[in-house]
Amino acid sequence: MTMLTQAPKGTKDILPGDVYKWQYLERKFREIAAGYGFLEIRTPVIEHTELFERGIGGATDVVEKQMYTFEDYGGRSITLRPEGTAGAARAYLEGKLYAGVRPAKYWYETSCFRYEKPQSGRLREFHQFGVENFGSHDMLADAEVIALADEFLRGLGVAELSLRINSIGCPVCRPVYRKQLMEYLSGHYDALCDTCKSRYEKNPLRVLDCKSPVCQGIAAGAPVMLDALCAECAEDFAALQTGLNAFGVGFEIDPMIVRGLDYYTKTAFEFVSDRIGAQGTVCGGGRYDHLIRELGGDDVPGVGFGMGIERLLLVLSESGAEIPAARRPDALVVFLNEEARGEALRLVKSLRGAGLIAEIDTAGRNMKGQFKYADRIGARCCAVLGEEELRSREATVKNMETGEQVRVRFEDAASAIGRRD
RNA sequence: GUGGGUAUAGUCAAGUGGUUAAGACACAUGGUUGUGGUCCAUGCAUGCGUGGGUUCGAGUCCCACUACCCACCCCA
């Protein structure tokens with residue numbers, strides 16, 4: 001019984017009282033993305049499971065144990081998208097968008113699904129804004145993507161997010177580094193925490209951002225990826241910083257940043273807050289030079305990010321940033337009796353036609369009830385129609401804040417009430 | 001998957017084994033047969049997440065389950 005009134009674990013309704021916040025962020029993001037020349041792309045919620053296995057990497061946590069995967073009635077293995085990049089990359093190939101302008105720059109807003117244990121800032125269904133730039137090796141593409149996120153976040157009035165960047169190398173230098181790191185860690189193996197012991201074989205890079213104090217101490221003395229970069233990667237990392245400076249984006253280098261999805265190469269970055277609990281990464285992204293090839297396309301490089309909207313909302317409320325309130329109703333048309341109702345309906349229609357938010361009671365309330373209703377919905381005015389008004393063909397317009405009343409002809413009501421956003 | 005915390009009305013809650021489970025807000029009706037928000041009056045949990053147990057007696061103690069929150073892990 002209770003199941004019927006309970007959303008599945010880790011999902012959240014966005015109730016009417018909160019929707020304006022989402023609409024505000026969506027409007028802002030759309031504006032900024034458009035200004036940077038990114039075009040919107042919409043892709044399916046479901047994809048073939050193999051897309052994520054090949055794209056994200058079969059050994060990652062996301063693919064191993066967090067995907068909502070099922071077999072459809074045609075026997076296909078289908079998965080609810082756990083992130084946005086793989087689907088965008090697939091659409092890029094399938095839509096032959098590589099035949100168009102290069103680089104191809106897209107943005108999207110999507111819901112994503114991962115089977116995880118919910119906590120603050122982590123849901124099973126969550127939403128992200130994302131952007132992808134396909135087709136450029138130039139670090140200015142990375143810098144531009146980061147600048148877009150930075151400008152967006154700054155424009156919302158969130159000051160306390162810090163941008164951390166790193167380079168995680170490429171298939172040439174990463175294996176070399178990995179070997180160095182494993183050699184170093186093997187000397188401290190017994191001291192590592194249990195999870196890091198298992199990381200040692202599977203993904204030694206992850207030991208670097210372990211939160212256990214002991215592992216942190218060990219990590220502090222570990223060789224650093226940045227020192228092990230090949231010539232090309234080192235050059236690119238320098239170019240990235242030059243680009244960010246040129247865009248006027250402040251950043252700090254954090255050699256401990258590691259991406260959890262296998263497709264990342266070179267640039268890795270995060271916008272992090274320390275005020276919204278343990279899940280502080282609001283935006284994370286980087287470069288993925290081999291994803292498209294992995295999916296069966298040509299060797300097209302890419303760079304992009306995903307930004308968690310729920311986490312962003314947490315940051316916003318934590319920082320006290322202003323979100324413009326939803327527009328209030330301009331007027332409730334109040335009618336005294338049955339006789340006045342027809343005229344009242346004509347009036348509400350004409351007010352709506354003039355672009356106002358106008359309401360009329362549809363619940364059979366008496367006059368007093370209608371005024372209460374006006375109050376509850378926050379209507380700025382009431383336009384009252386009774387016997388006198390019908391005779392004189394004038395409505396009584398009452399300002400609900402000041403209580404002041406004026407008589408206006410029906411055809412002048414819309415301009416008398418006006419519109420306020 | 002592993003830990004920790006919480007669960008009393010629509011909401012926030014008081015209640016620390018003993019008569020009828022505080023209070024506030026919200027809501028409903030009335031005070032006003034053409035005027036709301038303010039004010040006043042009245043109403044609003046045979047019930048304390050669910051199921052067991054201890055006890056003369058359980059919202060209060062014990063056990064199990066469920067849900068939510070937080071943290072690990074991982075990431076947006």
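We name chains A, B, ... by the order of the sequence lines, and we start the count at 1 in each one. Keep in mind that what you see is a predicted model, and the values were worked out from it rather than measured.
Of the possible polar contacts, one joining the A:D361 side chain to the A:G364 backbone as a donor-acceptor pair under 3.5 Å is found. Counting only distance, with no hydrogens or angles, the side chain of A:E183 and the backbone of A:Q180 share no donor-acceptor pair below 3.5 Å. Side chain of A:S273 to main chain of A:V315: no donor-acceptor pair is present (N/O by atom type, distance under 3.5 Å, no hydrogens or angles).
Using a 4.0 Å cutoff on non-hydrogen atoms, the parts of residues 404-416 of chain A near RNA chain B are A:Q405, ordered by number. For RNA chain B, the residues of residues 281-292 of chain A within the heavy-atom distance limit of 4.0 Å (strictly under) are A:T281, A:V282, A:C283, A:G284, sorted by number.
For the P atoms, the distance from B:G53 to B:C48 is 16 Å, rounded to whole Å. Spacing of C1' atoms, B:C61 relative to B:G57, comes out at 13 Å, to the nearest Å. The P atoms of B:C44 and B:U29 are separated by 16 Å, rounded to the nearest whole Å.
Within 4.0 Å of A:E310, counting heavy atoms only, lies no atom of the nucleic acid at all. A:G277 comes within contact range of the sugar-phosphate backbone alone, with a heavy-atom separation under 4.0 Å but no base atom that close. Note on A:E125: nothing from the nucleic acid sits closer than 4.0 angstrom, heavy atoms only. Base engagement by A:K398 is indicated by at least one non-hydrogen atom pair under 4.0 Å involving a base atom. Base contact: A:L123 has a heavy atom under 4.0 Å from a base atom. Residue A:Q370 is classed as having no contact, given no heavy-atom separation below 4.0 Å to the nucleic acid. At the heavy-atom level, A:V384 lies under 4.0 Å from base atoms of the strands shown.
Of the nucleotides present, B:C40 is the one that pairs with B:G30 by Watson-Crick or G-U wobble criteria, both distances under 3.5 Å. The nucleotide B:C48 finds no pairing partner, because no Watson-Crick or G-U wobble arrangement with both distances shorter than 3.5 Å includes it. Using N1 to N3 plus N6-O4 or O6-N4 for Watson-Crick, or N1-O2 and O6-N3 for G-U wobble, each under 3.5 Å, B:G3 pairs with B:C70. Across all strands shown, nothing is found opposite B:A14 as a Watson-Crick or G-U wobble partner with both distances under 3.5 Å. When Watson-Crick and G-U wobble pairs are counted only if both distances are under 3.5 Å, B:C75 pairs with no nucleotide at all.
Cation-pi geometry between A:R124 and A:Y115 is met: under 6.0 angstrom from the ring centre, within 45 degrees of the axis.
Residues satisfying the side chain to side chain donor-acceptor pair (under 3.5 Å) criterion with A:D375, sequence neighbours excluded, are absent altogether. Remark: A:R178 engages no residue in a side chain to side chain donor-acceptor pair (under 3.5 Å) (not counting sequence neighbours).
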Q) Should A:E125 and A:K9 be marked as a salt bridge (charged side-chain N to carboxylate O under 4.0 Å, His left out) after you check the CA-CA gap, both sets of side-chain angles, and the distance that decides it? A) CA-CA 9 Å; A:E125 182 193 24; A:K9 189 193 261 290; over 6 Å; no
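Ring geometry for A:F38 against A:Y36 counts as tilted: the plane angle lies between 30° and 60°, on a 0 to 90° scale.
When ring centroids are compared, A:F129 and A:Y108 stay outside the 6.0 Å threshold. The aromatic ring centroids of A:W107 and A:F29 lie less than 6.0 Å from each other.
Every pair tested for ring pair (Phe, Tyr, Trp, His ring centres under 6.0 Å) that includes a residue from residues 334-393 of chain A fails, sequence neighbours excluded, so the list is empty.
For B:G10, the O4'-C1' to base torsion is more than 90° from 0; the nucleotide is therefore anti.
Along RNA chain B, the stretch of nucleotides lying under 4.0 Å from any heavy atom of chain A spans, 5' to 3', B:G1 to B:A76.
Between A:Y264 and A:Y115, the residue anchored closer to the 5' end of RNA chain B is A:Y115, taking for each the nucleotide with the nearest heavy atom. Residue A:P8 is the one, among A:G308 and A:P8, whose nearest nucleotide of RNA chain B lies closer to the 5' end (criterion: closest heavy atom).
Taking the side chain as every heavy atom from C-beta outward, A:Q241 and A:F251 approach each other to under 4.5 Å.
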